[in-house]
Amino acid sequence: MASVMRPGLLRQSFASPAASQRVFSTFTSSAARQSSPLIQQLRPAFARDAVPKATRIAAFHATQRQQILPPLPQKIEGSVNTAVPVPNPDYSHGSYHWSFERLLAAGLVPLTVAPFAAGTLNPLTDSILCALLVLHSHIGFESCIIDYFPEKRIPKLRVAAHWALRIATVGLGVALYSFETNDVGITELVARLWHA
């Protein structure tokens, strides 16, 4: 309602009833106006006097908020004095995994540029590039599944998403292998598309 108190809007609202209706955003009926003393107190004096029966009131939210996932059951596991279980340290899923992801992402840069900068299209570097692209994509999508499909809320959907990712990764690997052995390969395809 702070925007209603601006001088320009006050002048508009005193000028005509139609202008005062533009200040507000949602309609309410006259019965709702009369039955709600809170609305009468919040509405400025000029709006109470000069506005016809179908009044507009500024609303913060125009639509109803809908939750994507239903709320979890509200249950307490243990007591107040129960200690939070600390997971065992696992370096293969911790720092080693993070270092592997960074090395994989950094290794894609020279493998992407090298065939075009050196001028040679070696099938060995092409196949290494394909393998790293498949691994990099798998790790990225796996991180998305871990982040957006919580295990406590939707365990079956999370397992299904992991299996769909594994099937897609194997399918992509087979498709790239077939493309590398039976066709021109990725770097040659990119070079042909670039000069086309």
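Throughout, numbering of the chain's residues begins at 1 and tracks the sequence.
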Taking side-chain contact (heavy atoms from CB on, under 4.5 Å) as the definition, give me every residue that meets it alongside V159, ordered by chain and number, with sequence neighbours left out. W163
Taking only residues two or more places apart in sequence, or in another chain, which ones meet S178 in a side-chain contact (heavy atoms from CB on, under 4.5 Å)? N182
Mind listing the side-chain donor-acceptor pairs of residues 139-146 below 3.5 Å, one per line with the distance, residues two or more places apart or on another chain?
residue	atom	partner	partner atom	Å
S143	OG	I139	O	3.0

Rounded to the nearest 0.5 Å, how far apart are CG of L189 and CZ of R192? 8.0 Å
Can you name the side-chain contact (heavy atoms from CB on, under 4.5 Å) partners of L124, sequence neighbours left out? N122, S127, I128
Mind checking what makes side chain to side chain donor-acceptor pair (under 3.5 Å) contact with D90, not counting sequence neighbours? S92, H93
When rounded to the nearest 0.5 angstrom, what distance separates CG in L135 from CD in E101? 11.0 Å
Are L193 and I186 connected, step by step, through hydrophobic side chains (Ile, Leu, Val, Met, Phe, Trp, Tyr) whose heavy atoms are closer than 4.5 Å? yes
Using a 4.5 Å side-chain heavy-atom cut-off and chaining through intermediate ILVMFWY residues, the residues clustered with W194 come out as none
Considering residues, nucleotides and ligands other than H138, do more than 12 of their heavy atoms fall under 6.0 Å from its NE2? yes
For R102, side chain to side chain donor-acceptor pair (under 3.5 Å) partners two or more places apart: none
Rounding to 0.5 Å, atoms CG (L111) and CG (L104) come to a distance of 10.0 Å
If the condition is side-chain contact (heavy atoms from CB on, under 4.5 Å), which residues does Y177 pass it with, not counting sequence neighbours? T181
Heavy-atom pair of closest approach, residues G107 and P110: O-CD, 3.4 Å
Holding to side chain to side chain donor-acceptor pair (under 3.5 Å), I want the full list of residues that pass it with H162, two or more places apart in sequence or in another chain. none
Closest heavy-atom pair, C130 versus E180, reported as atoms and distance to 0.1 Å, is SG-OE2, 3.3 Å
